[in-house]
Visitor: 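Handing you a structure now.
Keep in mind that this is a model prediction, so the values were computed, not measured.
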Amino acid sequence: MIKITLPDGSAREVASGTTPAQIAADIGPGLAKAALAVRIDGEVRDIMRPLEVDTKLALITSRDEDEALELARHDFAHVLAEAVQKLYPGTQITFGPSTDDGFYYDFAPSGDPFTDDDLPKIEEEMRRIIKADKPLRREVWERDDLIALWKKNGETFKAEWAAELPENDEISVYWSGDDWMDMCRGPHLPSTGKLDPQAFQLTRVSGAYWRGDQRNPQLSRIYGTGWLNKKQLKAHLVRLEEAAKRDHRKLGQEMDLFHFQPEAQGSVFWHSQGYVMWRELEAYMRRKLDGADYKEVKTPQIMDARQWEASGHWGKYRENMFVVPDEVPSVDDDAPVISADADMMALKPMNCPAHVLIFRQGIKSYRDLPMRMAEFGCCHRNEPHGALHGLLRVRQFTQDDAHIFCREDQIVDEVRHFCDLLDGIYKDLGFESYAIKLALRPEKRFGTEEMWDKAEQNLRDAVHEAGRAGEEYQWEELPGEGAFYSPKLEFHLTDAIGRTWQCGTIQLDYVLPERLDASYIGEDGARHRPVMLHRAILGTFERFLGIMIEHHAGRMPTWLAPTQAVVATIVTDANDYASDVTEKLKAAGIRVSADLRNEKINYKVREHSLAKVPNILVVGMREAEEGKVALRKLGQKEQMFLSVDEAVAMLTDEALAPDLKEQNT
RNA sequence: GCUGCUGUAGCUCAGUGGUAGAGCGCGUCAUUGGUAAUGACGAGGUCGGGAGUUCAAUUCUCCCUAGCAGCACCA
C-alpha cells in the first residue's frame, strides 16, 4: 500500500500500481471524466501512469488552463503526426512541440514538402483520429530496441535522436491505440477523444532546419493553432484579425506615411506625413539626451576597410556590410567600371568605431569621464532577404546610438542612470510595461573569462541597484545570448495587444577600447583603458516608429500625429472663416489643414476619421457668426463647442511633447 | 540564404488559352448638404520581368525578381 496526499490535505491508502485515473474515479464520476492529467510533486504526468511510492497528488482539469492547454497542444501535435503518416506513408516524423498559441510538427517527407493545399485533408484525418478516441498509452523502452525499431521503420531522424538522449533518461514512447506510436517524454492526455475536434486549425506550412541548424537538412513543418474549445479558438482568430488591422505596413500605406519599393529593398521612403512623426520623435530624444548630459556627434557614413579590420568587424561581420570600391569608375566603354585592385571602403554597419576615433582625438583625462557620446547614426547592414520585415527589420536605419566611455568604477552608476532615462522615455512614449533581460556570454566571443565574469556582474549589480531586477520587469538572465564582445541588458517593450519587442539595450564592452587603443590619463598620471557602454533606447527610429504605429493602431498621440487637426467646412460660405481659424492654429504651431472642398460634412468627417486625424474642427455659418468651432475628437461622437481662442489653447496644450508638458505644469 | 504561397488600374480584389472587369480613389459636371460614403459622366492596365509550348499566352511550363508566412540570421 502507498499513501496519496491530495491538495486538500486528505490522504488515502491505495495499492501500489493504482493510477491517478482510478483515484479520480474513486472521488467521483464527474472528476473522473474531467481529469486530464495529474501533478505529482510539481511534475505533470499522465493520468494512466501507475503510482508506486507515497506522493502528493493534484488532479489537473481544463480549469487548470495553462497545464491543460500545454497538454492539449502537445497532443494535437501527436495527432497531426499520426494523421500525416497515415495519409502520406513514408513520411518520417521528427519532433513536434507545443507553441504559444498551438503546435507544430516537423516532417521529412518522402517527396515534395507539404503545401497549404494538403492541410484540409490532414485536418480531416486529425478529426477522425480525435473522434476515434484512441487511448494514449505510455511504454518504457530499452534504448537499443527502440533505435533498432526506428531504423527498421526507416525513421532515421528518430533513430538519431534516440541515440543522443541523455544516458540516464528513461526512454518512453506513447501509443495511440495499437497502430501508431511516437517517442516522447510526455505527458499526454489519456486519449485523443479528450481533444476538441473544433478547437484547432492547421495554419501554415514552412521549411525548418533539423535541430534548428542551417547546415542540416530542411524539414517540412506544419503549424497549427490549438485550444481547449471552439470558443477559445475563435477568440484567438479574432485577435489575429485585430493584429492584422494594426499592421504598420498596412497603416503606413493607408496613412501615406512611408513606402518600400524593390529598387531599394529594405530601405524606407519616408513620406512627408511619416517623416513628421520621425522629426517629432527625434526632437524629443534630442531634448532628453541633452538633458542627460550626452554630447551629440555626427560621423562618416563610409570608412576605409582597414578601419573595419582594426575594429574586428571586417573579420566577423563583413558578410553583412555594404562594401564600396574607393575608386573613380571608368568611363571607358571597354574597360571594367571598377578595376580589380580598387581599395575597399564600407558603409558603416554601426557607429562605435567612429566614436572611439573621436574619443582618441586629443588626450583624455579621467576628469573627462564619463563621456557620453550620442549620435542619431544612420547605418547600413546587408540583412538576408528573408529577414526584412517592414520597418521592423530594414537595411538602412538610424539608431539613437550613444557610447559612454567611463572608468570601471563608474559602470554601475552609468548603467543605473541609463535605466532611469530609458524608463522615463518609455513611459513618455506610452509604454508602461517592459521587461529587462541580461544576455550572458555566447559561445563565440572575444576576451577572457575573467573579463566576462566582471562585465556580467557589473550589469547584474546595476539592475539590482536600480531596483529593476524584479518580477515587475520579468527580470531574467539569458545564457549564451550576449554579443561577441560583451554581455548586454535587453529592454523588451510590451505593446497594446501584448506583443513584446526588444528595443533598448546597453552593452558593457572591454574589447573595442582595447582593439582601437582608446586611453585616458588617470589621477596617477598613467595611461588607462576606459570601458565602453554601447546603448540605445529606441533601438532604431524605423523600428520604434513601426512599433508605435502598431501600438496606437495608427491613432498617434496628438504630439506625434502627422496632421493634428483639420478645419472642415459645412458650406462654402464658411470658407473665409475656416481659413482664419486655420491660420490661427497654424500660428500656434499646430499641424492643421483646411478642408474647404465642396463635399458633405458627413463625407469629410468620415474621411478625416479614417485618416486618424485626432481633431476635426467643423465650421458652418453658425460657428462663423458666433466665432466658435465645433470640435470632434477622433473616435468620439459628441462634440465640443468652443471659441477659437479656447480651441487654440486646448490644441496647443495637447500638441506638446510629453517632456514639454511636464515642464508646463 | 532555405521552404511554401503570391504578384491583374493609385488601393482592395474578381476573371479568362482568342490581348481585361468591379468597388474605392482620381477628373469633369450638377449639388451648399450640420458630424463616418450626394448623384451622373469620364480618364486610368505591355495582367512583375525574361524564355519556352501553342495558330494564339495575362492564363500552361521553366528561369529570374519582388512581396508575404515561417526557418536560419539579428554582430
Visitor: Can you measure A:Asp595 atom CG to B:rU35 atom P for me and round it to whole angstrom units?
Guide: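 Spelled out: CG on A:Asp595 to P on B:rU35 is 16 Å.
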Visitor: Choosing from B:rG70, B:rU35, B:rC11, which nucleotide comes nearest the side chain of A:Ala630?
Guide: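 So the side chain of A:Ala630 is nearest to B:rU35.
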Visitor: Taking the inter-plane angle between the rings of A:His534 and A:Tyr485 on a 0 to 90° scale, is it parallel (under 30°), tilted (30 to 60°) or perpendicular (over 60°)?
Guide: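 The rings of A:His534 and A:Tyr485 sit tilted, inter-plane angle from 30° to 60°.
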Visitor: Which nucleotide sits closest to the side chain of A:Arg606: B:rC71, B:rA66, B:rA37?
Guide: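 That would be B:rA37.
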Visitor: What's the gap between B:rG70 and B:rA56 when it is taken at their C1' atoms, as a whole Å value?
Guide: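 40 Å, rounded to whole Å.
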Visitor: Which nucleotide sits closest to the side chain of A:Ser609: B:rU32, B:rA36, B:rG70?
Guide: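 Of all the options, the side chain of A:Ser609 is nearest to B:rA36.
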Visitor: Could you tell me the separation between the CD atom of A:Glu254 and the C1' atom of B:rC11, rounded to a whole number of Å?
Guide: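 Atom CD in A:Glu254 sits about 9 Å away from atom C1' in B:rC11.
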Visitor: Does atom NZ of A:Lys454 have more than 12 heavy-atom neighbours from other groups under 6.0 Å away?
Guide: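 It does: A:Lys454 NZ has more than 12 such atoms within range.
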Visitor: Which residue lies toward the 5' end of RNA chain B, A:Glu607 or A:Ile616, if each is placed at its nearest nucleotide?
Guide: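 It is A:Glu607, whose closest nucleotide lies nearer the 5' terminus.
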Visitor: Would you mind reading off the distance between A:Phe397 atom CZ and B:rC74 atom P, rounded to a whole angstrom?
Guide: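 For the pair A:Phe397 CZ and B:rC74 P, the rounded distance is 14 Å.
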Visitor: Between A:Gln253 and B:rU12, does any side-chain N or O lie under 4.0 Å from OP1 or OP2?
Guide: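 Answer is yes, contact under 4.0 Å.
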Visitor: Given the P atoms of B:rG1 and B:rU54, what is the spacing between them in whole Å?
Guide: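 Here B:rG1 and B:rU54 have their P atoms 34 Å from each other.
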Visitor: Check the surroundings of atom CG in A:Asp100: do more than 12 heavy atoms from other residues, nucleotides or ligands lie under 6.0 Å from it?
Guide: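 Not more than 12 within 6.0 Å, no.
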Visitor: Report the base-pairing partner of B:rA20 (Watson-Crick or G-U wobble, both distances below 3.5 angstrom), or none.
Guide: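 Its partner is none (no Watson-Crick or G-U wobble pair with both distances under 3.5 Å).
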Visitor: Minimum heavy-atom separation for A:Lys612 and A:Ala553, please, with both atom names.
Guide: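 That would be CE-O, 3.3 Å.
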Visitor: Is the shortest side-chain N to carboxylate O distance from A:Glu626 to A:Arg622 below 4.0 Å?
Guide: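 Salt bridge flag = no for A:Arg622 with A:Glu626.
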Visitor: Side chain of A:Val618: nearest nucleotide among B:rU35, B:rC73, B:rC71?
Guide: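 Out of B:rU35, B:rC73, B:rC71, the nucleotide with an atom closest to A:Val618's side chain is B:rU35.
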Visitor: Salt bridge or not between A:Asp509 and A:Lys488? Use side-chain N to carboxylate O under 4.0 Å.
Guide: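 So A:Asp509 does not pair with A:Lys488 through a salt bridge.
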Visitor: Please tell me which of the listed nucleotides, B:rC26, B:rG34, B:rU32, lies nearest to the side chain of A:Glu623?
Guide: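 Output: B:rG34.
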Visitor: Measure distances between side-chain N and O atoms of A:Arg393 and base N and O atoms of B:rC73, and say whether any donor-acceptor pair falls under 3.5 Å.
Guide: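 When only heavy-atom distances are counted, A:Arg393 does reach the base of B:rC73 through a donor-acceptor pair under 3.5 Å.
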Visitor: Mind calculating the distance between CG (A:Leu388) and P (B:rG1) to the nearest angstrom?
Guide: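 Roughly 10 Å, once rounded to whole Å.
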Visitor: Should A:Arg249 be listed as having a side-chain N or O under 4.0 Å from OP1 or OP2 of B:rC68?
Guide: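 Indeed, a polar side-chain atom of A:Arg249 lies that close.
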Visitor: Roughly how many Å is it from OH in A:Tyr603 to P in B:rG39, rounded to a whole number?
Guide: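 Going from A:Tyr603 (OH) to B:rG39 (P), I get 11 Å.
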Visitor: Is there, by distance only and without an angle test, a donor paired with an acceptor across the side chain of A:Thr572 and the base of B:rU32 below 3.5 Å?
Guide: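 Indeed there is one.
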Visitor: Does OP1 or OP2 of B:rC68 have a side-chain N or O of A:His389 closer than 4.0 Å?
Guide: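 False: A:His389 side-chain N/O out of range (4.0 Å or more) of B:rC68 OP1/OP2.
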Visitor: Let me know the distance between CG of A:Asn602 and C1' of B:rU35, rounded to the nearest Å.
Guide: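 Taking CG of A:Asn602 and C1' of B:rU35, I get 6 Å after rounding.
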Visitor: Could you check how far CD of A:Gln261 sits from C1' of B:rG7, rounded to whole Å?
Guide: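 Value for this atom pair: 16 Å.
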Visitor: Looking only at side-chain N and O atoms, does A:Tyr104 come under 4.0 Å of OP1 or OP2 in B:rA69?
Guide: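 Looking at the OP1 and OP2 atoms of B:rA69, neither is under 4.0 Å from any side-chain N or O of A:Tyr104.
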Visitor: Has A:His259 got a side-chain N or O lying under 4.0 Å from the OP1 or OP2 atom of B:rG10?
Guide: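 A:His259 to B:rG10 OP1/OP2: no side-chain N or O under 4.0 Å.
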Visitor: Which nucleotide sits closest to the side chain of A:Thr115: B:rC5, B:rG1, B:rU3?
Guide: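 The answer is B:rC5.
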Visitor: Would you say A:Glu623 and A:Val618 make side-chain contact, with heavy atoms under 4.5 Å?
Guide: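 Not in contact.
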Visitor: Now, which nucleotide makes the Watson-Crick or G-U wobble pair with B:rU32, with each of the two distances under 3.5 Å?
Guide: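 Answer to the pairing question: none, since B:rU32 forms no Watson-Crick or G-U pair.
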Visitor: Quick one: which of B:rA36, B:rC73, B:rG34 gets closest to the side chain of A:Arg632?
Guide: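 Within the option list, the nearest is B:rA36.
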Visitor: Heavy atoms from C-beta onward define the side chain here; which of B:rG70, B:rG1, B:rG25 lies closest to that of A:Arg204?
Guide: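 The closest nucleotide is B:rG70.
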Visitor: Roughly, in whole Å, what's the span from CD in A:Glu625 to P in B:rG34?
Guide: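 Computing the A:Glu625:CD to B:rG34:P distance gives 15 Å.
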Visitor: Could you check B:rG21 for me: syn (within 90° of 0) or anti?
Guide: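 Anti conformation here, the glycosidic angle of B:rG21 being more than 90° from 0.
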Visitor: Counting side-chain heavy atoms from CB outward, which of B:rA36, B:rA66, B:rU35 is closest to A:Gln265?
Guide: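 Of all the options, the side chain of A:Gln265 is nearest to B:rA66.
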Visitor: Of the candidate nucleotides B:rG33, B:rA36, B:rC26, which contains the atom at the shortest distance from the side chain of A:Lys600?
Guide: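 For A:Lys600, the side-chain atoms sit closest to B:rG33.
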Visitor: Look at A:Tyr223 and B:rC71 and indicate whether a side-chain polar atom (N or O) is within less than 4.0 Å of OP1 or OP2.
Guide: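 True: A:Tyr223 side-chain N/O within range (under 4.0 Å) of B:rC71 OP1/OP2.
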